[in-house]
Amino acid sequence: MSSQNDARYTPQAIEIKWQQAWEAAHAFTAQRDPAREKYYVLEMFPYPSGRIHMGHVRNYTMGDVVARYKSAVGFSVLHPMGWDAFGMPAENAAMEQGGHPKDWTYGNIAVMRDQMKPLGLSIDWTREFATCDPEYYGQQQAMFIDMLEAGLVYRKNAVVNWDPVDMTVLANEQVIDGKGWRSGAEVERRELTQWFFKISDYSEELLDALDGLKDWPEKVRLMQRNWIGQSRGLQFAFGAVNAPEGFDRIEVYTTRPDTLLGASFVGISPDHPLARHLERHDSAVAEFVAECRKIGTTEEALEKAEKRGFDTGIRVRHPFDNDWELPVYIANFILMDYGTGAIFGCPAHDQRDLDFARKYGLPHPDVFVALEDDAPVDTVAFVPPKTEPVRYIRGFAGDAVQTGADAVDAAIALCESRGVGHGVTNYRLRDWGLSRQRYWGCPIPVVHCATCGVVPEKKENLPVALPYDEDGTPIDFSVPGNPLDRHPSWRDCACPKCGAPARRETDTMDTFVDSSWYYARFTSPHSDTPTNAEDAAYWMNVDQYIGGIEHAILHLLYSRFFARAMVKTGHLPESASEPFNALFTQGMVTHEIYQTQDAKGRAVYHLPEDVEDGKLKATGEAVRIIPSAKMSKSKKNVVDPVNIIQAFGADTARWFVLSDSPPERDVEWTSAGAEAAFKHLSRVWQLSDRIAAMPDDTTTDADTDLLRAMHRAIADVTKAIENFAFNKAIAELYAFTNTLSKAQASGAAQQTAMRTLAQLMAPMVPHLAEDIWARQGGAGLVAQAPWPQADPAMLVRDTVVLPIQINGKRRSEIEVPADLPKEEVEKLALADDAVIKALAGGVPKKLIVVPGRIVNVVV
RNA sequence: GCGGGUGUGGCGGAAUGGUAGACGCGAGGGUCUCAAACACCCUUUCCGCAAGGAGUGUCGGUUCGACUCCGACCACCCGCACCA
């Protein structure tokens with residue numbers, strides 16, 4: 001027998017043993033069980049970048065705590081894992097290092113799976129898939145065809161970033177300061193015919209349904225609400241005085257029709273049909289518009305750019321006054337995608353319009369003034385909240401004094417009655433452009449035929465699989481552009497309708513499509529249809545979804561749309577149109593960034609493991625240290641958890657990422673805490689060793705104290721887990737461990753407490769918990785044992801300590817029976833020395849007793 | 001620029017409007033040891049010998065009482081539709 005001192009915590013031996021035991025017991029294989037309520041917990045699946053990082057460990061450990069806890073309280077749990085496997089990095093790797101995106105991706109998946117398995121996550125690995133599996137994207141193509149037939153997909157022109165040197169389309173992140181990241185050439189905006197999902201059909205529904213998502217963070221619902229951007233306004237036309245033929249009316253949309261009498265100019269987007277027309281006939285316009293198109297395609301770039309305009313010389317008439325003419329400017333800040341692509345500017349009540357008006361010498365008449373201050377606008381626009389009453393001096397509808405909101409309503413009503421436009425509800429949300437001119441994505445399953453036009457591929461021909469090589473020659477990724485476009489044997493095909501020679505669509509889908517339905521596929525991952533009705537009915541919805549706040553808008557909004565599209569096309573039940581019942585957004589794991597520059601002065605990033613003392617290990621070159629930011633593949637500021645697991649075990653890594661920082665907040669990775677976590681787990685192990693050896697002696701007085709603490713710990717830890725406060729659950733476990741290690745209770749009581757401690761720790765450190773559970777005589781696997789219940793009778797406290805405040809400052813305290821009536825508490829408080837001293841013989845002005853909480857004496 | 005969030009000891013953080021700093025890290029002191037490591041015990045918001053005072057990014061407000069609610073500001077972080 002080993003003595004106490006010899007017993008050492010050796011996670012390397014323990015962890016593999018229990019992982020094998022779980023596997024042998026099929027402990028985490030999800031099965032439809034009509035007798036039990038189901039619980040579906042899902043973490044956002046990873047991109048197979050090549051290795052896991054601490055952000056993954058944090059994300060999946062949180063999900064694992066939930067999965068293991070829900071299983072212990074009796075649910076039939078589904079906890080799957082897969083890979084978000086399409087995307088640009090695979091193609092970039094092929095360009096930089098040679099090889100094929102498919103080999104790179106599957107190789108990465110194999111490595112990352114091997115890195116993840118030692119974490120001991122309670123995942124049903126039988127359901128694993130990658131979105132680049134033809135079995136997965138073939139079903140996605142089938143749904144695309146269904147959505148096309150349901151009118152949810154269409155084609156239209158849209159602009160892309162075009163690199164004129166590499167002759168390729170660039171992603172926004174590949175455009176740096178308006179230049180292509182590889183070529184350095186000035187990026188142009190180019191228009192292409194592209195595929196779109198009609199998410200705008202669902203704008204109102206996606207907005208309204210947010211109210212029902214009670215278990216989503218309020219901030220996410222607010223961000224989505226603002227993103228969808230519902231607005232009520234007036235759409236009307238200015239009649240042109242001297243416009244080219246066909247442009248005698250300019251339709252504008254405004255959310256502030258109450259300011260119509262403050263209009264000083266009309267602005268149109270550089271992409272507006274009128275601007276396009278003028279561009280062709282006027283070189284000065286062409287030059288200005290070309291400048292505008294250099295700004296880039298992101299809203300951020302447009303908003304930050306200097307606001308500039310070009311006077312077209314065209315004049316329009318004010319709808320209320322035939323003699324009032326307004327100039328028409330092309331303005332670089334007006335989006336063609338929003339409203340009608342044309343606005344009227346009211347400089348007095350919009351800062352951007354005011355800056356513009358002052359720049360071009362346009363008037364800025366006040367429409368309304370503050371009730372108590374009628375100073376005219378000069379350099380700062382007067383933009384009060386719409387709910388605030390103001391005095392209209394150029395109003396035309398409603399009372400002189402009214403709120404902006406009321407004035408807008410009155411203005412719309414009046415304009416409609418005069419035949420000037422009509423009230424419309426607009427949305428900021430644009431249709432989802434899914435075309436990508438890239439290889440490594442799900443091919444869009446349509447064929448272009450000279451006679452039949454755009455024809456969907458026949459479903460029996462799915463998947464339209466990506467070609468691996470071309471007639472035996474590996475695809476060349478060193479050439480910029482889309483390899484599918486220059487792959488005749490793949491591209492040329494027969495029209496599915498008429499059989500004539502035709503060409504495949506060479507665009508692939510946005511990777512957001514892949515991640516918009518994977519949660520549904522997990523319910524029947526091997527089905528030969530996208531979903532299986534019985535499985536979807538049982539497992540949907542996701543009960544708890546966990547992922548980064550960076551996905552608060554796009555991924556989650558697209559998934560909400562896609563679920564509705566799947567309901568419409570019969571792939572999900574109506575009840576699954578909101579796919580995620582509860583959402584938790586974890587904070588990110590941050591780390592410093594290490595950067596050097598290459599010969600051309602471009603930034604090169606380095607992994608932390610390649611850096612030592614501020615220098616590259618390989619060359620000794622000094623690195624520039626950029627302050628902590630979100631761990632990202634592109635910045636290479638990722639930490640490899642594999643080293644931590646090898647040194648201390650998975651349980652230490654899991655314990656560490658859960659402790660200290662609240663899960664919703666960012667955590668800066670430091671190596672300091674890992675050793676401390678290991679020490680604590682070692683202490684728990686030693687404690688278990690000691691307690692297991694104790695004789696099963698008779699009950700002592702200390703037993704009740706220990707068992708009370710145990711029930712308190714059960715209650716507190718359970719509540720903390722339910723509330724996603726894992727850092728607090730761990731703090732409670734520390735406290736209970738300290739109590740237990742000092743307890744004078746009997747062996748039997750300590751063994752009971754130790755067994756319970758193991759159970760409470762099991763969701764966080766499952767391997768250690770199994771080992772202690774077995775040693776303390778627990779039956780079966782702790783992974784399959786029911787969650788302990790707190791006895792309410794053991795939670796009641798006999799006495800409480802009440803702090804006594806004098807004028808809100810704590811001065812003293814009294815210990816009283818928990819159920820002492822308020823009057824008695826008052827008497828005791830007034831008899832307290834500090835109170836007597838403060839009152840100095842007088843009477844208190846006020847005496848506040850909050851039962852069980854506090855006493856405040858106001859003197 | 002627009003939208004959303006965060007801010008508390010040396011550090012990570014705790015606190016249904018009711019004792020600010022639970023729990024952990026680090027640090028200091030001690031016990032054990034030939035010594036070190038480990039382990040264990042004590043101290044640890046700041047100023048002050050003490051009595052006492054100050055204190056939750058800044059300024060102001062509501063309240064018997066504010067980290068918590070309200071207003072203004074500052075700093076940092078996330079998103080901005082082709083990064084995933």
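Here is the naming used below: chain letters follow the sequence lines, and residue numbers restart at 1 for every chain. Only this structure's heavy atoms are used, side chains among them; waters, hydrogens and symmetry mates stay out. Just so we're clear, the structure is a prediction, and the values are computed from it rather than from any experiment.
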Which part of the nucleic acid, if any, lies within contact of A:Trp432, taking any heavy atom under 4.0 Å across all strands shown: a base, the sugar-phosphate backbone alone, or nothing? nothing
pair A:Trp432-A:Asp510: side-chain heavy atoms closer than 4.5 Å: yes
Phosphate-side-chain proximity, A:Thr511 and B:rA84, N/O vs OP1/OP2 below 4.0 Å: yes
So what does A:Leu429 touch, heavy atoms closer than 4.0 Å: a base, only the sugar-phosphate, or nothing? base
With a 4.0 Å limit, can you tell me whether A:Ser661 has a side-chain N or O closer than that to the phosphate oxygens OP1/OP2 of B:rG13? yes
Both distances under 3.5 Å, Watson-Crick or G-U wobble: report the partner of B:rC40, or none. B:rG30
Please check the phosphate of B:rC82 (OP1 and OP2 only) for any side-chain N or O of A:Arg436 closer than 4.0 Å. yes
Quick one: label A:Leu222 by what it contacts on the DNA or RNA (base, sugar-phosphate, nothing), any heavy atom closer than 4.0 Å. sugar-phosphate
I want to verify a distance call: between B:rG3, B:rU19, B:rA84, whose nearest atom is closest to the A:Phe512 side chain? B:rA84
Identity of whatever pairs with B:rG1 - Watson-Crick or G-U, under 3.5 angstrom: B:rC80
Salt bridge or not for A:Glu300 and A:Lys304, using N-O below 4.0 Å? yes
If each of A:Arg665 and A:Glu813 is mapped to the nucleotide of RNA chain B with the nearest heavy atom, which maps nearer the 5' terminus, i.e. the 5' end? A:Arg665
Categorize A:Asn856 for me: base, sugar-phosphate, or nothing, with a 4.0 angstrom heavy-atom threshold over every strand shown. base
Just compare B:rC82, B:rC40, B:rA84 and give me whichever is closest to any side-chain atom of A:His551. B:rA84
With a 6.0 Å cut-off (strictly less than), is the heavy-atom count around CZ of A:Arg293, excluding the residue itself, greater than 12? yes
Pairwise P distance, B:rU68 and B:rG18 [rounded to whole Å]: 11 Å
How long is the line joining CG of A:Leu733 and P of B:rG13, in whole Å? 20 Å
Establish whether the base of B:rC80 is bridged to the side chain of A:Glu299 by a donor-acceptor pair shorter than 3.5 Å. no
Which part of the nucleic acid does A:Pro46 contact within heavy-atom distance under 4.0 Å: base, sugar-phosphate only, or nothing? nothing
Categorize A:Asn738 for me: base, sugar-phosphate, or nothing, with a 4.0 angstrom heavy-atom threshold over every strand shown. sugar-phosphate
Send over the distance from A:Trp685 CH2 to B:rC38 P, rounded to a whole Å. 21 Å
Looking for any heavy atom pair under 4.0 Å, which part of the strands does A:Ser515 touch: base, sugar-phosphate only, or nothing? nothing
Can you tell me the pairing partner of B:rA75 across any strand shown, Watson-Crick or G-U wobble, with both distances under 3.5 angstrom? B:rU6
Can you tell me the base-pairing partner of B:rA15? Count Watson-Crick or G-U wobble geometry only, both distances below 3.5 Å, and say none if there is no partner. none
Say you pick atom P in B:rG1 and the same atom in B:rG10; how far apart are they, in whole Å? 33 Å
Under a 3.5 Å cut-off for both distances, is B:rA20 Watson-Crick or wobble paired, and to whom? none
Base, sugar-phosphate alone, or nothing: which one does A:Arg811 contact when heavy atoms must sit under 4.0 Å apart? sugar-phosphate
Would A:Arg182 and A:Glu96 pass as an ion pair if we require N to O under 4.0 Å? yes
Over how many whole Å does the gap from A:Asp510 atom CG to B:rC83 atom P extend? 9 Å
Quick one: label A:Lys742 by what it contacts on the DNA or RNA (base, sugar-phosphate, nothing), any heavy atom closer than 4.0 Å. sugar-phosphate
NA contact type, A:Arg438, heavy-atom cut-off 4.0 Å: base, sugar-phosphate, or nothing? base
Whole Å only: how far is the CZ atom of A:Arg182 from the P atom of B:rC82? 20 Å
Ignoring the backbone of A:Asn226, work out which of B:rC82, B:rA20, B:rG3 is nearest its side chain. B:rG3
Can you identify which nucleotide, out of B:rC83, B:rA54, B:rC80, has its nearest atom closest to the A:Glu173 side chain? B:rC83
When you measure from the side chain of A:Ala735, which nucleotide among B:rC23, B:rA84, B:rG18 comes out closest? B:rC23
Whole-Å C1' distance, B:rC67 and B:rU45: 15 Å
Check every strand shown and say whether A:Phe333 touches a base, only sugar-phosphate, or nothing at a heavy-atom separation below 4.0 Å. nothing
Indicate, with a heavy-atom threshold strictly under 4.0 Å, whether A:Lys219 touches base, sugar-phosphate, or nothing. sugar-phosphate
Can you identify which nucleotide, out of B:rC38, B:rA84, B:rA15, has its nearest atom closest to the A:Lys728 side chain? B:rA15
Where the side chain of A:Glu303 is concerned, which of B:rG1, B:rA81, B:rU19 is the nearest nucleotide? B:rG1
Rounded to whole Å, please give me the gap between CG in A:Leu434 and C1' in B:rA81. 13 Å
Base, sugar-phosphate, or nothing: which does A:Val858 touch, judged by heavy atoms less than 4.0 Å apart? sugar-phosphate
B:rU44 and B:rA51, which share atom name P, separated by this distance in whole Å: 14 Å
Rounded distance in Å between the C1' positions of B:rC38 and B:rU31: 14 Å
Is the A:Phe656-A:Phe678 ring centre distance short of 6.0 angstrom? no
Calculate the interatomic distance between A:Met112 atom CE and B:rA84 atom C1'; express it in whole Å. 12 Å
For A:His680 and B:rG26, what is the distance between atoms NE2 and P respectively, to the nearest whole Å? 14 Å
Report yes or no: is the cationic atom of A:Arg189 (NZ for Lys, CZ for Arg) closer than 6.0 Å to the six-membered ring centre of A:Trp162, at no more than 45° off its axis? no
Is any side-chain N or O of A:Lys304 closer than 4.0 Å to OP1 or OP2 of B:rG1? no
Do the side-chain N and O atoms of A:Asn59 and A:Gln586 include a donor-acceptor pair separated by under 3.5 angstrom? yes
Considering only side-chain heavy atoms of A:Pro803, which listed nucleotide, B:rU19, B:rG18, B:rA81, is closest? B:rU19
Residue from A:Tyr558, A:Tyr136, A:Phe45, A:Phe86 passing ring-ring contact (aromatic ring centres under 6.0 Å, His included) with A:Tyr518: A:Phe45
Choose from B:rC82, B:rG13, B:rC64 the nucleotide whose nearest atom is closest to any side-chain atom of A:Asn727. B:rG13
Syn or anti conformation of B:rG9, syn meaning chi within 90° of 0: syn
Where is the tightest heavy-atom contact between A:Val857 and A:Pro844, given as atom of each residue plus distance? CG1-CB, 3.8 Å
Cation-pi geometry met for A:Arg221 and A:Trp216 (6.0 Å, 45°): no
Applying the 3.5 Å cut-off to both distances, the Watson-Crick or G-U partner of B:rG60 turns out to be B:rC70
Once hydrogens and angles are ignored, does a donor-acceptor distance under 3.5 Å link the base of B:rC83 to the side chain of A:Gln174? no
Counting any heavy atom closer than 4.0 Å, what does A:Gln194 reach on the DNA or RNA strands: base, sugar-phosphate only, or nothing? base
So which one's nearest nucleotide on RNA chain B is more toward 5', A:Thr297 or A:Tyr734? A:Tyr734
Between A:Leu658 (CG) and B:rG13 (C1'), how many Å, whole number? 15 Å
Taking donor-acceptor contacts at under 3.5 Å, does the side chain of A:Asp660 reach the base of B:rG12? yes
